[in-house]
Amino acid sequence: MTIEEILKGDIKKAIQKHFEIDAEEIILQPTKKEFEGFYTFVTFTLTKTTRKAPAELGQIIGNELIENSSVVDSFNVVQGFLNISLKDQTWLNLFGQMSSHPDYGASPSNGQSVMVEFSSPNTNKPLHLGHLRNNFLGDSLSKILKASGYDIIKTCLVNDRGIHICKSMLAYRELGNGETPESSGIKGDHLAGKYYVKFDQEYKKQIKELVEQGMKEEEAAKKAPWILEAQKLLLLWEQGDADTMALWQKMNSWVYQGFGETYKKIDVSFDKTYYESDTYLLGKDIIEEGLQKGVFYRKEDNSVWISLVEEGLDEKLVLRGDGTSVYITQDLGTTELKNKDFHNDRYLWVVGNEQDYHFKVLFAILKRLGRTYSEGCYHISYGMVDLPSGKMKSREGTVVDADDLIAEMIQTAADRTQELGKIDDFDSAEAKQLYNQLAMGALKYFLLKVDPKKRMLFNPLESIDFQGHTGPFIQYTYARIRSIIRKAEQAEIAAVIPGDAYKLHPAERELIFSLSLYPSKVSAAASEFAPSLISQYAFELAKVYNQFYAEVSIFSDPNPEATRFRVALSKVVSETIRKALGLMGIEVPERM
RNA sequence: GGUCCGGUAGCUCAGCUGGAUAGAGCAGCUGCCUUCUAAGCAGCAGGUCAUGUGUUCGAAUCACAUCCGGAUCACCA
């Protein structure tokens, strides 16, 4: 039982005893900094049933707690707020519990499995900042759910076919002159992206020419030579034309090589990768099933539809008149495949909020088809990363490239570190590792600290900070603690929890309180699918530790019991920081 | 036009299952390194919580309306 649960029980008993009312669930909130205490119970809600004034209620309950609660030390009442302080012995017991559990904050297996699909790149362009947010969210969520007791399967659905892929293939075929990543020195995914942009430039030029010849823009967009050629290429691809397949495989292999490097840098990996070229024909048997069940219906032109008006959605096409699939057809098929492959209890899709409607439709259709697993389907919808100029657009080159940004971050980390000159004795491999840890810490933290649902702004002119509310701030706190622990080990000072007579320093109490919050933050992050809760927590904990660090001396305290306790406290804080950052995919350095 | 999401300090964001004088970081200004890492700590300054009405003992938080921004409503993915 947690302290909070004990306290709630005691308050409930106090209310029962004095007023003979069965209080509903007791809600405690953290006491505001300007008041004394750690937990606050608001008594306003009881005024009606008890016919007592709020402050009087606080006094009555407070006195009862002093008498009969095993954990309460003192209280004060401000209007309808009962602020409660705990006994030092309670804090120390609590600390003893967490320091003896290395897995403190993690839940044992609950026997449930979750598939998390994220990243899902297109093979016609390199990753950009928006993809990074997606990758970090998916990866972090996987780690958080795993810590909460779920078995996790990370998947990625690669969008490796379609008209957009044919566009870059066409531009390469026409303008590439046999250029390769090796011959050009351009990373494979960037090389493909280069031809995707070239296609767009040429295509626009062709449209402009047609418009000048008197064609309407809409028609010109459909009749420009290159778009017709790209469509032809798509048909050839679908027929399995040897030359087309060879070109497709060649370019995709370059892209995978490039993606591989980027995934390695950001330390993201998958348990299972699906390729759209394998799955794009799936889903047609589901259409047949839906028709038989009367869930779908056929129109005169042979196209197949579903009406989701009852669900507050519209009529939706699920199969074209010519029998070919649309997006939703493929997704129905792919979801069915995932379920066949893994039989998970839950399916998560980390996909941008521009597809909110699509997922509502997908889940609604699955439900209509009687798929029980639809109950466990969730769209983890996240906001776009915008630039001050607006939305990022690959074709127009207004994107923040992931590789470029990572390289800049590493450079900044190196510059900043060298300026401070604290690691002059590191060899180059150690230094490089540190720069990477700091760069990725800053970048991941920057993207994960914001509520996933909200769109966020990135200003390329203001580089991502290494000070203040950042990953490196928390990493720094960790490194400081590690330094203390090394010193303690050298001096052979053991980490020991003090006896009953020990009087806690306020900064020590604050730290234990902060540490006690960790498990509930992990479970909240898991149930709300919000890694930002972990990032906020890690920052708070680091801040509280830094205050402690500035306020008390660990090694020069006259009381050796205090020194040993503070070493123990520091150790648990460092472990909790390491675990919390670990849930965000951020590593911690021994020194920085 | 319908639906959905958002609007909190100069900037970037917390807080939103209703509770105390609305919090951080950055930027600005003051202090603090002969003592465990100053990527730090302490402090100052900065707010009509988009607007209005309602519900309530109590509203940034809930409801309704309005304004602003974004997304979506494709036989694109």
Side-chain angles (χ1 to χ4, degrees), chain A residues 27 29 31-35 40 42-45 47-48 54 78-81 83 120 122 159 161-164 276 280 299 301 303-305 312-314 316-322 324-331 352-358 360-361 381 383-384 386 388 390-391 413 416-417 419-420 422-423 438 442 446 449-451 453-459 462 465-477 479-488 491 532-533 535-536 539-540 542-543 545-557 563 566-567 570 591-592:
Chain A
I27 294 168
Q29 46 185 340
T31 304
K32 291 207 151 208
K33 262 193 299 188
E34 57 264 45
F35 299 98
T40 294
V42 180
T43 63
F44 289 106
T45 45
T47 50
K48 268 189 187 155
V78 182
Q79 297 164 53
F81 299 91
N83 302 319
S120 303
N122 292 341
N159 182 216
R161 63 159 285 283
I163 189 73
H164 50 297
E276 210 184 288
Y280 81 107
K299 288 195 177 175
D301 67 350
S303 58
V304 181
W305 297 72
L313 306 168
D314 296 320
K316 180 82 186 174
L317 176 103
V318 292
L319 195 70
R320 289 192 190 106
D322 64 4
T324 57
S325 309
V326 289
Y327 182 38
I328 198 88
T329 325
Q330 295 174 38
D331 252 8
N353 61 10
E354 54 202 353
Q355 293 192 35
D356 284 356
Y357 185 76
H358 171 76
K360 275 186 194 166
V361 170
S381 166
M384 300 290 102
D386 289 331
K391 212 177 159 177
R416 185 87 184 103
T417 304
E419 252 168 55
L420 294 171
K422 293 179 185 179
I423 59 148
L438 295 176
F446 177 81
K449 76 174 173 185
V450 181
D451 182 345
K453 290 193 289 293
K454 294 190 178 172
R455 57 184 268 252
M456 62 184 291
L457 193 86
F458 174 78
N459 187 348
E462 298 167 11
D465 265 315
F466 282 69
Q467 281 171 40
H469 188 185
T470 66
F473 169 90
I474 305 166
Q475 290 171 314
Y476 172 72
T477 308
R480 262 182 159 183
I481 299 177
R482 290 301 304 161
S483 165
I484 281 173
I485 289 167
R486 282 191 300 271
K487 186 170 171 178
S532 56
L533 295 178
S535 66
Q536 298 290 342
F539 176 62
E540 292 298 328
K543 234 178 5 173
Y545 186 85
N546 281 326
Q547 284 158 10
F548 163 85
Y549 185 94
E551 231 176 285
V552 307
S553 169
I554 293 174
F555 293 108
S556 44
D557 194 286
T563 298
R566 287 166 191 169
V567 170
S570 299
R591 286 175 53 194
M592 64 184 271

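So you know, we letter chains A, B, ... as the sequences are listed, proteins then strands, and number each from 1. Please read all numbers here as calculations on a predicted model, not as lab measurements.
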- Across the strands shown, which category fits A:S532 at heavy-atom distances under 4.0 angstrom: base, sugar-phosphate, nothing? nothing
### Message
Need one value for A:S556: base, sugar-phosphate or nothing, where a base atom within 4.0 Å counts as base even if backbone is also close, heavy atoms only.
### Response
nothing
- Task: Compare side-chain N and O positions of A:R482 against OP1 and OP2 of B:C36 and report whether any pair is under 4.0 Å apart.
- Result: no
Worksheet item: Does a side-chain N or O from A:Q355 land closer than 4.0 Å to OP1 or OP2 of B:U72, or not?
Response: no
Between B:U34 and B:U8, how far is it from one C1' atom to the other, in whole Å?
46 Å
Classify the nucleic acid contact of A:Y357 as base, sugar-phosphate or nothing, counting any heavy atom under 4.0 Å across all strands shown.
sugar-phosphate
Could you check whether A:L420 gets within reach of a base, just the sugar-phosphate, or nothing at all, counting any heavy atom under 4.0 Å?
-> base
What nucleic acid atoms does A:I484 come within less than 4.0 Å of, heavy atoms only: base, sugar-phosphate, or nothing?
sugar-phosphate
Original post:
Base, sugar-phosphate alone, or nothing: which one does A:K454 contact when heavy atoms must sit under 4.0 Å apart?
Top reply: base
- prompt: A:L313 near the nucleic acid: base, sugar-phosphate alone, or nothing, with a heavy-atom cut-off under 4.0 Å?
  reply: nothing
Q.
Need one value for A:E551: base, sugar-phosphate or nothing, where a base atom within 4.0 Å counts as base even if backbone is also close, heavy atoms only.
A. nothing
Categorize A:M592 for me: base, sugar-phosphate, or nothing, with a 4.0 angstrom heavy-atom threshold over every strand shown. base
Looking only at B:A77, B:G40, B:C13, the nucleotide nearest the A:M456 side chain is B:C13
Looking only at B:G40, B:A71, B:C75, the nucleotide nearest the A:S303 side chain is B:C75
Any N/O pairs under 3.5 Å between the protein and nucleotides 19-26 of chain B? List them or say none.
from  : atom 1 : to     : atom 2 : distance (Å)
B:A20 : N6     : A:T40  : OG1    : 2.9
B:A20 : N6     : A:N83  : OD1    : 2.9
B:A20 : N1     : A:N83  : OD1    : 3.2
B:A20 : N1     : A:N83  : ND2    : 3.2
B:G25 : O2'    : A:H469 : N      : 3.1

| message | Below the 4.0 Å mark, does B:U37 have OP1 or OP2 next to a side-chain nitrogen or oxygen of A:S483? | response | yes
In this structure, CE of A:M592 is separated from CD1 of A:I423 (nearest 0.5 Å) by 9.5 Å
Applying side chain to side chain donor-acceptor pair (under 3.5 Å) to A:S553 and not counting sequence neighbours gives A:S556
query = If we take the P atom in both B:G70 and B:C75, what is their distance in whole Å?
reply = 25 Å
With syn defined as a glycosidic angle within 90 degrees of 0 and anti as anything else, the base of B:C67 is anti
Q: For A:D451, answer base if it contacts any base atom (sugar-phosphate contacts may also be present), sugar-phosphate if it contacts only those atoms, and nothing otherwise; contact means non-hydrogen atoms under 4.0 Å.
A: sugar-phosphate
**Message:** Below the 4.0 Å mark, does B:G40 have OP1 or OP2 next to a side-chain nitrogen or oxygen of A:N546?
**Reply:** no
Closest of B:A38, B:A14, B:A42 to the A:V450 side chain is B:A14
A:E354 atom CD is separated from B:A77 atom C1', nearest whole Å, by 10 Å
Any base atoms under 4.0 Å from A:V552, or only sugar-phosphate, or nothing? Heavy atoms, all strands.
base
Symbol by symbol from the 5' end, with Watson-Crick or G-U pairs under 3.5 Å, [ ] crossing and | another strand, RNA chain B is ((((((((.[[[[.)...(...]]]].(((((.......))))).....[[[[[..)....]]]]])))))))....
For B:C76 and A:R320 - does any side-chain N or O of the residue sit under 4.0 Å from the phosphate oxygens OP1/OP2?
yes
